[in-house]
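What follows is a single structure, written as structure tokens, with notes after it.
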2 protein chains.
Amino acid sequence: HWLVGDKTSTRGGGVLAGGLALKSRSHTARRPQVDMERETPEAAPPPTFLRGEEASSGSSSARARFERLIRRVQAEVCAALEAVEEGSGGGGVVFREDAWTRPGGGGGISRVLQGGHVFEKAAVNVSVVYGVMPPDAYRAARPDAAAGVEKAGPVPFFAAGVSSVIHPNNPFAPTLHFNYRYFETEAPQDAPGAPRQWWFGGGTDLTPSYIIEEDIKHFHSVQKQACDKFDPTFYPRFKKWCDDYFHIKHRGERRGVGGIFFDDLNDHDQETLLDFATECAASVIPAYIPIIERRKDTPFTEDHRAWQQLRRGRYVEFNLVYDRGTTFGLKTGGRIESILVSLPLTARWEYDHDPRKKKYTNFLSLYCLNYKGAAIF
Amino acid sequence: HWLVGDKTSTRGGGVLAGGLALKSRSHTARRPQVDMERETPEAAPPPTFLRGEEASSGSSSARARFERLIRRVQAEVCAALEAVEEGSGGGGVVFREDAWTRPGGGGGISRVLQGGHVFEKAAVNVSVVYGVMPPDAYRAARPDAAAGVEKAGPVPFFAAGVSSVIHPNNPFAPTLHFNYRYFETEAPQDAPGAPRQWWFGGGTDLTPSYIIEEDIKHFHSVQKQACDKFDPTFYPRFKKWCDDYFHIKHRGERRGVGGIFFDDLNDHDQETLLDFATECAASVIPAYIPIIERRKDTPFTEDHRAWQQLRRGRYVEFNLVYDRGTTFGLKTGGRIESILVSLPLTARWEYDHDPRKKKYTNFLSLYCLNYKGAAIF
């Protein structure tokens, strides 16, 4: 069951759209017309969102293995965050779960914890999408194969991913974002002999309100370790990509202190890159939880809180104006609550706020960081 | 001194960009490259932002009269809001003023009141811009003149406007937005004989968190009175335009309860439309201040406040995702603090919030309104 037409039919709950939007950049400029099946809420998540033979529990296809990966990561990260809540007197503050499927295959699970003792708002979503993309996007992704498919029709695709944003309460505890996704196309509908394509995308990045060097060095060192197991070029490439991507252009500021970010990754064999994505996803907990444990109970003042709220405002600006997953999700009619769950619980905008005139401890390092780029770490 | 090139050089502090973006819609899709002169802060506003002969105090040109109009409206609205503060024990809470000019002519004045007894954040900005626009925008605006200018170069333009967003503290006191602007082009640079063109745009609209019919009827009746003095078709046309424009597509919601909105207006003589814009702007105070006086001291609970904060979040979503003035301003590098001063001081996003499950008094009327359109008023 493919949806066809000059449409990018993706309703990924905000999880996957980053990668899709990147591939089909030229199409999102003219707002895609979407005519997608609505999601059906499910009382409990099904064992798999895959269809056909791959839905069998023993499937070793890349799709099946990736779906198992993202669902395991979702479970592990949620358990780690709940354990932090439990250890901080927040027992009983747990993730709420919403699952949905679509008639043609695919679906998703949103897990959200709100109003915790440690976490103001934390979301970990997985999503699986079967859809079709315009052939231009296929040609752009595989110029080597483009010669044979000039007149090809829409391209069926598969996409799956895990996406998460975690906003803690304490102004000294940083916000975390991570997102890992896998993308596959069939041959275009009119060119059955053309090659399939696939790629991986994702990353993990940190957005503190205050610069605490120890925390940022720890965070980056875990990302570097994960990358260095695979390719010595990965960490410098993906760190720079991250700095470039999480850039609030109208402010001339970085969103945070970076991490890693990559997309369209298919320059190693599939097995290696699946292992790499697995390693990156497995690094989320060791990169983040030690920082949270150190900062969750740091005493703070109303001034610290106000500065955090202003930084939350910047997070909203980035996500609504630039984030490809969010903007693509809004345009294509995804599950809106899953897309916008990345927004903080609360945010603040003061006119012409100048941190140099206020008593925000340690503002200067962040101020400098923003204006000079995240290169110092 | 015209800035030339395939650039839309507008740095209007968010005041004018609505009209510009509408005219040059096809150009904003590919992000305009802007290479504008930076604004120079001024200790006090100059007597005029106009240049050449029109800068003389007695000029009766449309540009000069419109600049006088918007500066008078700015002064009157700010004085009315300060009087409300004064009468509510908020004496001393006054507007801060920031003025700037540009070397080639033009400039602006931002006036912002923050943290008042009655108003959380209120901004009233004026701006005057001299710039150039791509010729396509000129042709689109004047199809009758387009035949002569197929190969025309960039089109010098003039734009001036007043723009305001007022967010009160009390959850029962609605947010107000208004914006009136005037636009003129020269002949394209390569087609000196081609006609000039001009148009007016603007509107006034109300965004309450709670539906209080008395207030909304009063607000609309003042808009209708202003329109009916000029053309019986104005009110129904501009009311519908307003409902259509302030639409948060990804939510399937209206931003508020509407008002009037128009653009590209040049179907009456210039004198009549200048009078019409003057009348609309003069209606802001009688439309809004009586509502504020009635609601500013209404008792409210934390629940009411939380609902207001969620509605503030919707306001942020509309302004950052859809508002033409804001999105165009962000892309073209305007004075960022003037563009984003429309955002509320604070906002809130709860995952999957369902007002039917909460104790928010009177939520239902707004809920229905949002989902059925604003047609009931």
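We name chains A, B, ... by the order of the sequence lines, and we start the count at 1 in each one. Side chains included, hydrogens not; waters and symmetry mates left out as well; all remaining heavy atoms used.
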Heavy-atom pair count under 4.5 Å with chain B, highest-scoring of Glu317(A), Gln309(A), Gln114(A):
Gln114(A)
Using a 4.5 angstrom heavy-atom cutoff, name the option from Leu345(A), Val112(A), Leu340(A), Ile336(A) with the most pairs to chain B.
Leu345(A)
For Glu42(B), give me all partners under salt bridge (charged side-chain N to carboxylate O under 4.0 Å, His left out), at least two apart in sequence or on another chain.
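By the salt bridge (charged side-chain N to carboxylate O under 4.0 Å, His left out) rule, Glu42(B) matches no residue at all.
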Applying side-chain contact (heavy atoms from CB on, under 4.5 Å), can you list everything that pairs with Ala80(B), at least two apart in sequence or on another chain?
Ile285(B), Ile289(B)
By side-chain contact (heavy atoms from CB on, under 4.5 Å), Ala347(B) pairs with (sequence neighbours left out) Trp349(A), Arg312(B), Val316(B), Pro344(B), Trp349(B)
Any side-chain heavy atom of Arg96(B) within less than 4.5 Å of one from Asp352(A)?
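Yes, side chains in contact.
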Testing the basics here: between Tyr351(B) and Ser338(A), what is the closest heavy-atom pair and its distance to 0.1 Å?
CE1-N, 4.5 Å
Working to the nearest 0.5 angstrom, can you tell me the gap between [X] [atom1] and [Y] [atom2]?
| X | Y | atom1 | atom2 | answer |
| --- | --- | --- | --- | --- |
| Glu337(B) | His353(A) | CD | NE2 | 10.0 Å |
| Leu343(A) | Glu350(B) | CG | CD | 12.5 Å |
| Leu330(A) | Ile248(B) | CG | CD1 | 11.0 Å |

Just to be sure I understand the criterion: a residue of residues 115-123 of chain A counts if one of its heavy atoms is under 4.5 Å from a heavy atom of chain B. Which ones qualify?
Lys121(A)
